[in-house]
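Each remark here refers to the structure printed beneath this line.
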Protein chains: 2
Amino acid sequence: MAVLEDEGYRATAPRRAIINILAEKQEGFTAEEIGNELPAVGRATIFRTIKLLLKAGVICRLNLMDGAPKYSLSSVEHHHHTVCVRCGNVGEFRAATVERLMRGLSDDIPGNIVGHRLELYIVCDRCTGNPDD
Amino acid sequence: MAVLEDEGYRATAPRRAIINILAEKQEGFTAEEIGNELPAVGRATIFRTIKLLLKAGVICRLNLMDGAPKYSLSSVEHHHHTVCVRCGNVGEFRAATVERLMRGLSDDIPGNIVGHRLELYIVCDRCTGNPDD
DNA sequence: GCTACAAACGATATTCAGTATCAATAACCG
DNA sequence: CGGTTATTGATACTGAATATCGTTTGTAGC
């Protein structure tokens, strides 16, 4: 919540409402979902606020193969995502191994690596139990 | 080109035209680019054919952070992409290290890993030379 | 080569996510 | 409290992608 002040933005009611919703979500959510839960807030503001939080690093965007992009709280600053291919739930993980790998890879790549993104497609434990949910 | 027959699709003129264009491109290209080079082919067909080739595994889709998705020939069956953050060019690379990493990671992930996707954001050699192109 | 039938086509309308515009509103600072 | 200015919401718009549908065109069988 302090993010708004830190960046010099105003702590308006719509923004607070959106941030409160996000805090409960944790998991991957779409812009539309937020809009549905806050009918009082205009579409434009939803997207504006999401963009604002993206820039502030509070949430991160995840472009999936199909459908609208999902967002999730970036509870840790650098991390990667797991996406369950069956239920679509999104998780976060962090692995030092990945970062180490990047450094190793830099010799094979024609240019300077400035960032990376890793997505793991999984069948989550919940879905493993229910063959077709 | 044999892809079409292999999957039971018809080898129509528009499809052949599209495939020919793709064969020259190699790099990341958008659906719109293809459309521009083939004004005779309807928009719908461009997208239909792209989807078809995606399913057949001939090309792969790359959802970037902004703008339309890019596609590229999957000249090797499993690979990852480099995206130059300055000029937007897309490259492919393959590294056994990545695959090895996945196996190592599987213990830390709550579920079964069924696939993965890695994108490297780089400043390519060409752009490193020209500070602001 | 000709015919028939289904697959595929192109033009158009439509959906959907996201953005621009702009007058009205509400935070913040004094 | 009042003025300034960021922010809002309604609406219109854009741009990518899809659905519809009458027409065209591969292809298999003759």
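Letters A, B, ... mirror the listed sequences (proteins, then strands); counts begin at 1.
Between the side chain of B/Asn63 and the backbone N or O of A/Leu64 there is at least one donor-acceptor pair closer than 3.5 Å. Within the 3.5 Å criterion, the main-chain N or O of A/Val58 finds a donor-acceptor partner in the side chain of A/Ser74. Using modelled atom types, no side-chain atom of A/Lys70 and backbone atom of A/Asn89 make a donor-acceptor pair closer than 3.5 Å.
Taking 4.0 Å as the cut-off between side-chain N and carboxylate O, A/Glu119 and A/Arg117 count as a salt-bridged pair. The pair B/Lys25-B/Glu37 meets the salt-bridge criterion, since a charged nitrogen lies less than 4.0 angstrom from a carboxylate oxygen.
The NZ-P distance, from B/Lys51 to D/dA17, rounds to 10 Å in whole Å. In this structure, B/Asn63 atom CG and C/dG18 atom C1' are separated by 15 Å, rounded to whole Å. Per the geometry, OH belonging to A/Tyr9 stands 12 Å off P belonging to D/dA6, to the nearest Å. Atoms CZ (B/Phe47) and P (C/dA13) sit 18 Å apart, rounded to a whole Å. Distance CD1 (B/Ile46) to P (C/dG10): 8 Å, rounded to an integer number of Å. Rounding to whole angstrom units, CG of residue A/Leu52 and P of D/dA6 are separated by 14 Å. Following rounding to the nearest Å, A/Arg43 (CZ) and D/dT14 (P) show an atom-to-atom distance of 16 Å. When the P atom of C/dA7 is taken as reference, atom CZ of B/Arg15 falls 11 Å away, rounded to whole Å.
No N or O donor and acceptor, one from the side chain of A/Arg48 and one from the base of C/dG18, sit under 3.5 Å apart.
Aromatic rings from A/His80 and B/His116 are positioned such that their centres are separated by 6.0 Å or more.
Comparing C/dG10, C/dA20, C/dA8 against the side chain of B/Arg10 picks out C/dA8 as the nearest. Taking every side-chain heavy atom of A/Thr12 into account, D/dT7 is the closest of D/dT7, C/dG18, C/dC9.
Counting heavy atoms of neighbouring residues, nucleotides and ligands inside a 6.0 Å radius, atom CZ of B/Arg61 exceeds 12 of them.
Nearer the 5' end of DNA chain D, as judged by each residue's closest nucleotide, is the contact made by B/Ala44, out of B/Pro14 and B/Ala44. The residue among B/Pro69 and A/Thr49 whose nearest nucleotide of DNA chain D is located toward the 5' end is A/Thr49.
Annotation: proximity of residues 28-37 of chain A to DNA chain D (heavy atom, distance under 4.0 Å) is found for no residue.
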